[in-house]
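Counting starts at 1 for both ligands and their atoms, in listed order. Counting begins at 1 with the first residue of the sequence.
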Amino acid sequence: MPDVHTADDPIARRLRSELTRRLVETGAIASSEWARVFNSVPRHPFVPRVFKPSAANDGRYSPVDGTDPAQREGWLRHVYSDEICITQLDGDDRAWGTAVKEGTVQATAMTCTSSQPTLMAGMLEALDLQDGDRVLEIGTGTGYNAALLSERLGSRSVSSVDIDPTLTERAEAVLAGLGYTPVVAAEDGARGLPDNGPFTHLITTASFPSIPAAWLDQISEGGAILANLFRPLGGGVLVRLTVSGDRAIGHFSARTAGFMPTRSHTSPSALALYRRVGEEDEDAAEAETSRLDAAAILRAPETRFFLSLMSDFDEIRIRYPDHPEEQWLVTADGSWAFSVGADGGFTAKQGGPRRLWDEFEALYSRWRALGEPERHRFGLTVAGEEHRIWLDHPDQRVMGLL
Ligand SMILES: C[S@@+](CC[C@H](N)C(=O)[O-])C[C@H]1O[C@@H](n2cnc3c(N)ncnc32)[C@H](O)[C@@H]1O
């Protein structure tokens, strides 16, 4: 007998079918097979309690407990909306107790979420699975995506790994409770799952800075890797690669995807890098004028994609009272640049070992000179450690290395 929070009652079923219908209407689900799967697999047992970010977006989260009868309907509505469901903060399960006791909890990072259904559906469609395929998922999280894959292909064709053993244990139990028995393992996804391969497809729901060689070894010839690449600027960089011999080649997706960075890779936050910039350095740096509106360029999805792919910049915006916003670029080696101004008149300063403002201007000019290509015209060839970025065709117009 399922307990109260996992019961698949008429309200849960109705909300689930409404969500599926919306995903079909928006085009996120394009096939009847995935519509059937989304309609069949309940999401709520995977997210019995969730953290909701505060409206002020100030790093505070409040708890929504599906096991509390008074909160059940609101919780179900949240779970069957097209929203991410946050289930872990700062990698620490004690955050829940604090949130319940104090009403909210302060956190710096979401470390487990069930991703936005639109994104999940789009990526599952993009995998282009056929009956008989064998999939490895990197980033089990709650287990909901593994359940969708298991419903589509059968549990025996699905393996899923997560670096956090508390999550794999929990996900495996919920999956089993619903009758799904994929292989779930606590592993660093960078290693794949060699004992279970080869796979025809690999999908990541955590973001890696590059494609580990181990993944290529575990995908059969002609198989596919669908991965969100971690870039400090984000940019929603999603790539679909086909394995051919000892390489993997493919275009970046027109769709954007952003997942949390792999826990096995840490990079300094933009805020920490910004705080390292000394006031004297800033005062001493020579000011130059520029017509480039860096903030607008970074806001535009296509230029942001290009800059994310082609640079290691991170960014931060600083707002002082009665002063125009400052757009900062920072890199891990301590280089920095900022610009401030409005309406075609900007002042820029830069300092540290590199000239980031000059690099930013050069990259933007390069994108313009290429004819302002959209993201899906770019592609990637992975051969061992080498990641070569190209435009339109793997043998033409090599842009550089990742
Ligand atoms: C967005 S969540 C995954 C959502 C999940 N697919 C679901 O359906 O709930 C990202 C997950 O990636 C996991 N993760 C982070 N780094 C990882 C790594 N190096 N290897 C495997 N999993 C990792 C996190 O622990 C987290 O659970």
Side-chain angles (χ1 to χ4, degrees), residues 19 34 37-38 41-51 53 78-80 82-93 95 107 109-124 126-127 135-152 158-175 178 180 182-194 196 201-215 218 225-230 234 236 238 256-267:
L19 173 62
W34 281 114
V37 169
F38 271 83
V41 181
R43 190 186 194 201
H44 63 277
F46 295 96
V47 287
R49 45 194 215 182
V50 293
F51 294 95
H78 180 61
V79 169
Y80 289 108
D82 192 21
E83 295 286 335
I84 61 166
C85 286
I86 305 163
T87 56
Q88 192 191 55
L89 293 168
D90 290 340
D92 185 352
D93 284 335
M110 303 181 267
T111 42
C112 185
T113 64
S114 168
S115 313
Q116 189 196 21
T118 286
L119 173 60
M120 293 175 70
M123 285 181 69
L124 291 168
L127 271 183
V135 179
L136 173 62
E137 178 194 33
I138 309 289
T140 312
T142 65
Y144 175 52
N145 203 40
L148 295 167
L149 286 164
S150 300
E151 178 65 30
R152 170 66 185 85
V158 179
S159 302
S160 182
V161 299
D162 200 290
I163 202 162
D164 185 335
T166 61
L167 296 178
T168 48
E169 205 177 298
R170 211 175 291 156
E172 200 170 15
V174 181
L175 283 158
L178 293 167
Y180 300 115
V183 170
V184 178
E187 289 283 350
D188 182 348
R191 287 197 287 273
L193 197 59
N196 268 47
H201 294 74
L202 183 149
I203 178 172
T204 69
T205 58
S207 178
F208 286 75
S210 59
I211 306 290
W215 295 358
Q218 293 167 40
I225 295 172
L226 184 64
N228 168 221
L229 286 177
F230 172 78
L238 181 66
T256 63
F259 290 100
M260 58 192 66
T262 162
R263 294 196 204 179
S264 48
H265 168 88
T266 48
S267 52

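Applying the side chain to side chain donor-acceptor pair (under 3.5 Å) rule to pairs touching residues 203-215 yields Ser207-Asn228, sequence neighbours excluded.
Ranking the protein heavy atoms by distance from atom 22 (N) of ligand 1 puts Ile163 N, 3.2 Å first. Atom 10 (C) of ligand 1 has as its closest protein heavy atom Thr205 O, 3.3 Å. Among protein heavy atoms, atom 8 (O) of ligand 1 sits closest to Asn145 N, 3.0 Å. Looking at atom 4 (C) of ligand 1, its nearest protein heavy atom turns out to be Thr113 O, 3.1 Å. Atom 16 (N) of ligand 1 has Arg263 N, 2.8 Å as its closest protein atom, hydrogens excluded (heavy atom only). Among all non-hydrogen protein atoms, the one lying nearest atom 9 (O) of ligand 1 is Thr142 OG1, 2.6 Å. In terms of protein heavy atoms, atom 13 (C) of ligand 1 is closest to Asp162 OD2, 3.2 Å.
Within ligand 1, the atoms closer than 4.0 Å to a non-hydrogen atom of Cys112 are 27 (O), numbered from 1 in the order shown. Short contacts between ligand 1 and Glu187, defined as distances under 4.0 Å to a heavy atom of the residue, involve ligand atoms 20 (N), 21 (C). Near Gly189, meaning under 4.0 Å from one of its heavy atoms, ligand 1 places the atoms 18 (C), 19 (N), 20 (N), 21 (C). Those atoms of ligand 1 that come under 4.0 Å of a heavy atom in Thr140, given as number and element, are 5 (C), 6 (N), 7 (C), 8 (O), 9 (O). Of all atoms in ligand 1, listed by their number and element, those nearer than 4.0 Å to a heavy atom of Glu137 are 6 (N). Which parts of ligand 1 touch Asp188 is read off a 4.0 Å heavy-atom cut-off, strictly below it: atoms 18 (C), 19 (N), 20 (N).
Looking at ligand 1, you'll find an N or O of Gly139 within less than 3.5 Å of one of its N or O atoms. Ligand 1 has no nitrogen or oxygen under 3.5 angstrom from a nitrogen or oxygen of Ser114. Any N or O atom pair closer than 3.5 Å counts here, and Phe259 shares no such pair with ligand 1.
Residues passing the salt bridge (charged side-chain N to carboxylate O under 4.0 Å, His left out) test with Arg152, sequence neighbours excluded: Asp131.
Put simply, part of Phe208 is less than 4.0 Å from ligand 1, judged by heavy atoms. Remark: distances from the non-hydrogen atoms of Gln88 to ligand 1 are all 4.0 Å or more. The closest approach between any non-hydrogen atom of Leu148 and ligand 1 is not below 4.0 Å.
Checking Asp90, Asp188, Asp164 one by one against Arg263, the salt bridge (Lys or Arg N to Asp or Glu O under 4.0 Å) holds for a single residue, Asp164.
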(message) If you apply the rule side-chain contact (heavy atoms from CB on, under 4.5 Å), what do you find for Glu169 with Val184, and how did you get there?
(response) CA-CA 8 Å; Glu169 205 177 298; Val184 178; over 6 Å; no
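Of the charged side-chain nitrogens involved, none lies within less than 4.0 Å of a carboxylate oxygen, so that Asp162 and Arg170 do not count as a salt-bridged pair.
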